[in-house]
Amino acid sequence: MKYKAVAETFVSRFLMLILNFGLIIFSTNMWGSAGKGTISIVTLDLAIVVFFSNIFAGSSVSYFASKYKIEKLLGYAYIWSVLVGISVPLLVSLFHQQDYLFYLIPLSVFSSLLAANTNFFIGKQEVRLYNLYTILQLVVHIVFIFAIIFLLKIMTVESYFLAQIFCFIFLFLISSVRLLKRCSIKNISFEKEVVTHVFNYGWKTQLSAFVQFLNNRVSFYFLEYYKGIASVGIFSVGVAFSEAIWTVSRSLALVLYSEALDDENKGSLILKTKLSIKISFISTALFIGVVLLLPAQFYTWIFGKDFSQTKLIILVLSPGILAIAVSNIVGFYFAGINKLKILNIKSFIGFIVTMITSIFLIPRLGILGVCIVTSLSYCVSSIILLWNFYQLTHFSINDFLFSKSEIKLILHKIKNKQQNGS
């Protein structure tokens, strides 16, 4: 595995984590739990749009970027992003009241266009460039928020969405300039073979990802319906704090996926996956322990008096957070070798668990109920994925722990890097 790429991705994710929490702290103190709930619901609707746009603009772009020229993919990705970015928000608004549709449509279009550009970088093994743009999405967003609030004096929650729209437009234009240097606009083509392959791969990966998203987030809509928008805001902060622990797991998974696209040695890839599982399991367990050591008063001091339940939310979510941190690695392994059926199966089963338990628990237990629902769904879908992975290879408890020889090897690599650096 490319340890340098893992380290760079982790650093970028860690910076994103800090920036994202800065943004959460600002929004909770600026607009309270109701405002944070509004942001969460619009963000959820945007995520639904992105899943549909990613059929042509997401991991399918990364997967086929090394197999086709950019000119054969770019036209489909852009046209699909615009069509989906306009149509899907309108469809989503039919299922629940969306008071910010005017903002959701441009958010959808330009976030999808930007995703198409950045996913090309993953496909071309330019993880560093992808990491840069993911960090810039938060940095530029924050800059625009402060400009709109303190210069234009727009103090309402709408300033959050306006800043995000400007951020996506700006980064799309910048990334397009870089991307178009590698291709010729006049050579952009539309071939039936390409669209067929991309669509077949794209809808399969996004179906799994979308259902998994519903596993993770449909309970937000149940919570809004039964307990109100402020409850969504309170729960979303606890979820953000918990899921921040996935920083290491997501960094490892992204690099593993990038390597899996070109690595034809299945034995080597399985060993890399097992090593990533160990790192993810141990680091996630340590992070959870640190977060749970913080007193409950810490969260109210940071986020405001509305968020006194944050520590309880993290505690109940922690078993599921640990399970997903490990299964994330395995999920990207299966995606990288184009075995997508198992991803769909585990997502659908997890979704069924979420729907059934949400109906019974959320009306009765509120925020505590949604925590139990989410953690249970995480655990069930993770067990299914890990079970299928270990049908391919020998399972050992050591897959979650470092051996003495592995620790020595890692220390040796660190020592060599320090010597080379000096």
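Quick note: residue numbers are just sequence positions, from 1.
- Sorted by first then second residue, the side-chain hydrogen bond (donor to acceptor under 3.5 Å, both in side chains) pairs that include residues 293-304, not counting sequence neighbours, number zero.
- Note that CG of L46 and OH of Y100 are 15.5 Å apart. Values are rounded to the nearest 0.5 Å.
- Across all their heavy atoms, I24 and A240 have their closest contact at CD1-CB, 3.5 Å.
- Taking all atoms of both residues into account, the shortest heavy-atom contact from L223 to S231 is CD2-O, 3.6 Å.
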- Task: Go through the steps for I367 and I234 under the test side chain to side chain contact (heavy atoms under 4.5 Å, CB included), then give the verdict.
- Result: CA-CA 8 Å; I367 291 176; I234 294 167; 3.8 Å; yes
Give the table of side-chain donor-acceptor pairs shorter than 3.5 Å for residues 149-156, with sequence neighbours excluded, one pair per line with atom names and distance.
from	atom 1	to	atom 2	distance (Å)
K153	NZ	F150	O	3.3
T156	OG1	E158	OE1	2.6

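- Between I314 atom CD1 and L294 atom CG the span is 8.0 Å, to the nearest 0.5 Å.
- Residue pairs meeting the ring-ring contact (aromatic ring centres under 6.0 Å, His included) criterion with at least one member in residues 349-384, sequence neighbours excluded, are W246-Y378.
- T354 is linked by a side chain to side chain donor-acceptor pair (under 3.5 Å) to S377, counting only residues two or more places apart in sequence or in another chain.
- Listed by first then second residue, pairs satisfying side-chain hydrogen bond (donor to acceptor under 3.5 Å, both in side chains) with a partner in residues 29-40 read S33-D306, K36-S40, K36-S236, S40-S236, not counting sequence neighbours.
- H141 and Y160 have perpendicular rings, their planes meeting at more than 60° on a 0 to 90° scale where under 30° would count as parallel.
- Aromatic pair F210/F52: centroids less than 6.0 angstrom apart.
- Annotation: side chain of V109 is not in contact with side chain of S81 (no heavy-atom distance under 4.5 Å).
- Taking the side chain as every heavy atom from C-beta outward, I41 and H96 approach each other to under 4.5 Å.
- Qualifying side chain to side chain donor-acceptor pair (under 3.5 Å) partners for Q309, counting only residues two or more places apart in sequence or in other chains: none.
- Between I372 and L365 the shortest side-chain heavy-atom distance falls below 4.5 Å.
- The two residues I324 and S381 come nearest to each other via the heavy atoms CD1-OG, 4.3 Å.
- Side-chain contact between V370 and L361: absent, with no pair of heavy atoms (C-beta onward) separated by less than 4.5 Å.
- Annotation for C371 and L317: closest pair O-CD2, 3.6 Å, computed over non-hydrogen atoms.
- In this structure, the side chain to side chain donor-acceptor pair (under 3.5 Å) partners of S53, at least two apart in sequence or on a different chain, are S112.
- Aromatic ring centres of F26 and F146: separated by under 6.0 Å.
- In this view, I349 and I345, V380, I384 satisfy the side chain to side chain contact (heavy atoms under 4.5 Å, CB included) rule, not counting sequence neighbours.
- Judged as a side chain to side chain contact (heavy atoms under 4.5 Å, CB included), and not counting sequence neighbours, the contacts of L101 are P89, L90, S93, Q98, L104, I105.
- Looking only at side-chain heavy atoms (C-beta outward), V50 and V84 stay at 4.5 Å or farther from each other.
- Applying the side chain to side chain donor-acceptor pair (under 3.5 Å) test to Y221 and every residue at least two apart in sequence or in another chain returns D45.
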Name the atoms and distances for all side-chain donor-acceptor pairs under 3.5 Å in residues 164-175, with sequence neighbours left out.
from	atom 1	to	atom 2	distance (Å)
S175	OG	N117	ND2	2.9
S175	OG	L171	O	2.8
S175	OG	F172	O	3.1

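- Among residues two or more places apart in sequence or in another chain, the side chain to side chain contact (heavy atoms under 4.5 Å, CB included) test is passed with P363 by Y226.
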- Message: Go through it in stages, so that I can follow the logic: the residues are M355 and F222, the test is side chain to side chain contact (heavy atoms under 4.5 Å, CB included), and I'd like the CA-CA distance, side-chain angles, deciding distance and then a yes or no.
- Response: CA-CA 9 Å; M355 292 297 292; F222 279 100; 3.9 Å; yes
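- S327 places no side-chain N or O within 3.5 Å of a backbone atom of S382 that could act as its donor or acceptor partner.
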